[in-house]
Colleague: 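Just passing along the structure, written as structure tokens.
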Amino acid sequence: MISGPPRGMRDFYPEDVRLRNWLFSLWREVSESFGFEEYDGPLVESEELFTRKSGEEIVGQLYNFEDKGGRRLALRPEMTPTLARMIIAKGTSLPRPIKWFSIPQCFRYERMSRGRRREHYQWNLDIVGVKEPSAEAEVIAAAVEFLKRAGLGKDDFKVFLSNRRLLATLLRSKGLPDEKFAEVCVVIDKKGKVAEPALKEMMENLGLSAAMVDGVFEVLRVDSLEEAEGLLVGTNTSLEALEETKRVLEYLSYYGLAGFCRFDISIVRGLLYYTGPVFELFDVDRKFRAICGGGRYDNLLESYGGGKVTAVGLGFGDVVISEILAEKRLLPDFQKKIDFVVIPFSQQERKVAMELSQSLRTKGNNVSITLDTRKLGKALAGADRAGAEKVAIVAPDELAEGKVVLRDMRTGEEKAVPIGEVG
Ligand code: HAM
């Protein structure tokens, strides 16, 4: 017997869909309040869109297959490559900046753990064509706005921000060759999830000398932008990435969000296409996985054959945020609600009951009708379970006078009302 969905996949019973709809509508509301437009793409994409040559986990997690025509395809593990493909396809005809959002379902063959499933919905916000760090501030501010509207505050979550270019500069100053940077980022991304000796071993396995590994850990102990600056001044390296990071934080402070943000050098992100500022939002106790994450990816479109186009974006999954809101008892009470349940007393009254239901619907009410014939007590209990505000009982005595019994389910009050006056 097949008893459940495949491992890592979810069924959405009506109560789960109520939660999902609430989440999606808040994502949409916040996206629109920041001026983003919704787009969508196919769940199934060409496999080659996702098979970047790199040490990224996501490439090994593809749900890929061959279709009947012999094409290599994959379920999308993320939306950003689709976005890049869609923008490249339109060439320069799309006016810049492009501010788009989407809520795709994504599939990754993950090792299952708390907050990680093999399928999730991911709110994506992206800004294409803006070089200024105002773009980073915009997407981060939108994510924070969502969390605030969901009931979370400064004491619940923080934005941790860094900059890949800054990290590269710091690591270079410790002797790390540039060609090792991307692989080292994949290892650094595991910090906090894997113990320090295991991290060291991973770096040694990349061919880093013991001195270089020590250098990486020294850089990872940098706790502020001032400290980072201290390591760089006098080394003849560019301070551009440092200034860029400062500007993201400065712009966020203009939005009144300074108290939500802090610099954290160990934020690198698991995806290798990020080129500059990167960020992740976490609950303050770091009990859960990242709530969301993103950054600047200035080379991705070019790597797909588009021109040089700057881009910034974030992905925000439904799993972790639902866990956090459930734990903090912040999920709204998703009661079922229906305006009317119409109950025919017996089959004799069904015609009138159906006509009444239809006319109430035409007037804009949500109406359910008792579909089988059942005792009144049972029918009323069913109406209560359905979340009825009012019940219209079509019974023979009242019907003889052209009336139905209208019951207010909150007060229990009943009165006979002419059929035409219901609703
Ligand atoms: P990502 O960090 O791989 O980035 O995923 C973004 C968010 O999606 C995560 O922070 C988490 O909330 C959620 N997520 C990812 N994988 C899973 C999973 N297996 N189960 C549950 N939730 C998950 C990206 O995907 C980038 N494409 C985001 C982006 C958009 N960057 C620029 N634009």
Side-chain angles (χ1 to χ4, degrees), residues 7-10 20 23 27 31 36 39 41 45 49-50 52 54 56-63 75-87 98-128 130 135-136 138-140 142-143 146-147 150 157 159-160 164 185-186 189-190 192-193 267-283 286 288-301 303-304 309-325:
R7 190 168 156 72
M9 307 288 160
R10 290 171 292 177
R20 191 175 73 184
L23 192 64
W27 277 339
S31 305
F36 286 79
Y39 72 101
E45 282 278 13
L49 195 64
F50 305 114
R52 300 178 289 262
S54 66
E56 291 168 303
E57 265 180 346
I58 203 165
V59 178
Q61 294 173 334
L62 279 183
Y63 275 90
L75 302 186
R76 63 182 166 214
E78 56 158 337
M79 195 63 172
T80 318
T82 299
L83 171 80
R85 181 179 63 62
M86 287 169 65
I87 288 175
I98 296 162
K99 287 177 73 183
W100 283 1
F101 82 95
S102 181
I103 310 177
Q105 191 175 21
C106 301
F107 294 81
R108 300 179 187 184
Y109 193 83
E110 292 261 9
R111 281 223 338 268
M112 297 274 292
S113 61
R114 194 168 183 212
R116 276 291 174 276
R117 311 198 62 87
R118 292 187 177 162
E119 147 280 311
H120 71 283
Y121 287 92
Q122 195 190 93
W123 178 34
N124 276 247
L125 280 177
D126 289 271
I127 301 180
V128 177
V130 177
E136 279 87 343
E138 200 72 0
V139 293
I140 293 171
F146 167 85
L147 292 169
F157 69 91
V159 180
F160 295 91
R164 278 228 179 144
C185 280
V186 173
D189 185 54
K190 300 210 169 0
K193 299 165 209 155
I267 298 295
V268 288
R269 313 275 299 122
L271 297 160
L272 289 182
Y273 48 66
Y274 295 111
T275 51
V278 278
F279 51 87
E280 283 180 347
L281 275 65
F282 281 92
D283 60 295
R286 291 252 190 161
F288 296 87
R289 308 224 16 177
I291 299 172
C292 73
R296 178 169 286 276
Y297 51 102
D298 283 351
N299 299 334
L300 186 68
L301 277 78
S303 76
Y304 287 130
V309 186
T310 62
V312 169
L314 66 77
F316 189 135
D318 64 330
V319 178
V320 172
I321 188 59
S322 302
E323 287 173 356
I324 294 176
L325 295 177

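Just so you know, ligand 1 is whichever comes first in the structure, and atom 1 is the first atom listed for that ligand. Predicted model only: the values in this text are computed from it and were never measured. All heavy atoms count here, side chains included; hydrogens, waters and symmetry mates do not.
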Colleague: Could you tell me whether Gly317 and ligand 1 have an N or O pair separated by under 3.5 Å?
Modeller: yes

Colleague: So, the side chain of Arg85 versus the backbone of Glu45: is there a donor-acceptor pair under 3.5 Å, distance only?
Modeller: no

Colleague: With distance as the sole test, does Tyr304 use its side chain to make a donor-acceptor pair with the main-chain N or O of Leu49 at under 3.5 Å?
Modeller: yes

Colleague: Which residue holds the protein heavy atom closest to atom 31 (N) of ligand 1, what is that atom called, and what is the gap in Å?
Modeller: Tyr274 OH, 2.7 Å

Colleague: For ligand 1, does Arg116 get within less than 4.0 Å through its side chain, its backbone, both, or neither, judged by non-hydrogen atoms?
Modeller: both

Colleague: For atom 25 (O) of ligand 1, what's the nearest protein heavy-atom neighbour? Residue, atom name and distance, please.
Modeller: Arg108 NH2, 2.9 Å

Colleague: Taking distance alone, with no angle check, do Arg118 and ligand 1 share an N/O pair under 3.5 Å?
Modeller: no

Colleague: Please indicate whether any nitrogen or oxygen in Val319 is less than 3.5 Å from any nitrogen or oxygen in ligand 1.
Modeller: no

Colleague: Got an N/O contact under 3.5 Å between Tyr297 and ligand 1?
Modeller: no

Colleague: Looking at CD of Gln61 and CG of Leu75, how far apart are the two atoms once the value is rounded to the nearest 0.5 Å?
Modeller: 13.0 Å

Colleague: Okay, side chain of Asn124, backbone of Ile103: is any donor-acceptor separation there less than 3.5 Å?
Modeller: no

Colleague: Can you tell me how far CG of Leu83 sits from CG of Leu125, rounded to the nearest 0.5 angstrom?
Modeller: 11.0 Å

Colleague: Can you tell me if Arg108 uses its side chain to pair, donor with acceptor, with the backbone of Pro77 under 3.5 Å?
Modeller: yes

Colleague: Could you tell me whether ligand 1 has any atom less than 4.0 Å away from a heavy atom of Asn124?
Modeller: yes

Colleague: State the CE-CZ distance between Met9 and Arg118, to the nearest 0.5 angstrom.
Modeller: 7.5 Å

Colleague: State the CG-OG1 distance between Leu300 and Thr80, to the nearest 0.5 angstrom.
Modeller: 7.5 Å

Colleague: Who's the nearest protein heavy-atom neighbour of atom 21 (C) of ligand 1, and how far?
Modeller: Gly115 O, 3.3 Å

Colleague: Is Phe107 in contact with ligand 1, taking contact as a heavy-atom separation below 4.0 Å?
Modeller: no

Colleague: Do ligand 1 and Arg269 have nitrogen or oxygen atoms that lie under 3.5 Å from each other?
Modeller: yes

Colleague: Tell me whether ligand 1 is touched by Met79 - counting only heavy atoms on the residue side and a distance under 4.0 Å.
Modeller: no

Colleague: Could you tell me the separation between the CD1 atom of Ile291 and the CD1 atom of Ile321, rounded to the nearest 0.5 Å?
Modeller: 5.0 Å

Colleague: Would you compute the distance between atom CD of Gln122 and atom CZ of Phe316 and round it to the nearest 0.5 angstrom?
Modeller: 10.5 Å

Colleague: Return the residue, atom name and 0.1 Å-rounded distance of the protein heavy atom closest to atom 20 (N) of ligand 1.
Modeller: Arg117 N, 3.0 Å

Colleague: List ligand 1 atoms under 4.0 Å from Ala290, heavy atoms only on the residue side.
Modeller: 10 (O), 12 (O)

Colleague: Identify the protein heavy atom lying closest to atom 33 (N) of ligand 1, giving its residue, its atom name and the separation to 0.1 Å.
Modeller: Asp126 OD1, 2.8 Å

Colleague: Centre of Tyr297's six-membered ring, under 6.0 Å away, within 45 degrees of the axis: is that where NZ or CZ of Arg269 sits?
Modeller: no

Colleague: Decide, yes or no, whether a salt bridge links Glu57 with Arg111 under the criterion of side-chain N to carboxylate O below 4.0 Å.
Modeller: no

Colleague: Run the contact test for Gly270 against ligand 1 with a 4.0 Å cut-off on heavy atoms, strictly below, and give the result.
Modeller: no

Colleague: Heavy-atom distances under 4.0 Å are what count here, so tell me which part of Asp318 touches ligand 1: side chain, backbone, both or neither.
Modeller: neither

Colleague: Start with the C-alpha distance between Tyr109 and Tyr63, add both sets of side-chain angles, then the distance that settles ring pair (Phe, Tyr, Trp, His ring centres under 6.0 Å), and finish with yes or no.
Modeller: CA-CA 7 Å; Tyr109 193 83; Tyr63 275 90; 5.8 Å; yes

Colleague: Among all the protein's non-hydrogen atoms, which is closest to atom 10 (O) of ligand 1, and how far away is it?
Modeller: Cys292 CA, 3.4 Å

Colleague: Please identify which atoms of ligand 1 are closer than 4.0 Å to at least one heavy atom of Thr80.
Modeller: 26 (C), 27 (N), 29 (C), 30 (C), 31 (N), 32 (C), 33 (N)

Colleague: What is the closest protein heavy atom to atom 24 (C) of ligand 1, and at what distance does it sit?
Modeller: Leu271 CD1, 3.4 Å

Colleague: Check the angle between the aromatic planes of Trp123 and Trp27 and answer parallel, tilted or perpendicular using the 30° and 60° thresholds.
Modeller: parallel

Colleague: Which atoms of ligand 1 sit under 4.0 Å from any heavy atom of Gly293?
Modeller: 10 (O)

Colleague: Has ligand 1 got any nitrogen or oxygen that is less than 3.5 angstrom from a nitrogen or oxygen of Gln122?
Modeller: yes

Colleague: So which bit of Tyr273 gets within less than 4.0 Å of ligand 1, heavy atoms only: side chain, backbone, both or neither?
Modeller: side chain

Colleague: Numbering the atoms of ligand 1 from 1, which are under 4.0 Å from a heavy atom of Glu110?
Modeller: 16 (N), 18 (C), 19 (N)

Colleague: What protein heavy atom sits nearest atom 7 (C) of ligand 1, and how far away is it?
Modeller: Gly315 O, 3.3 Å

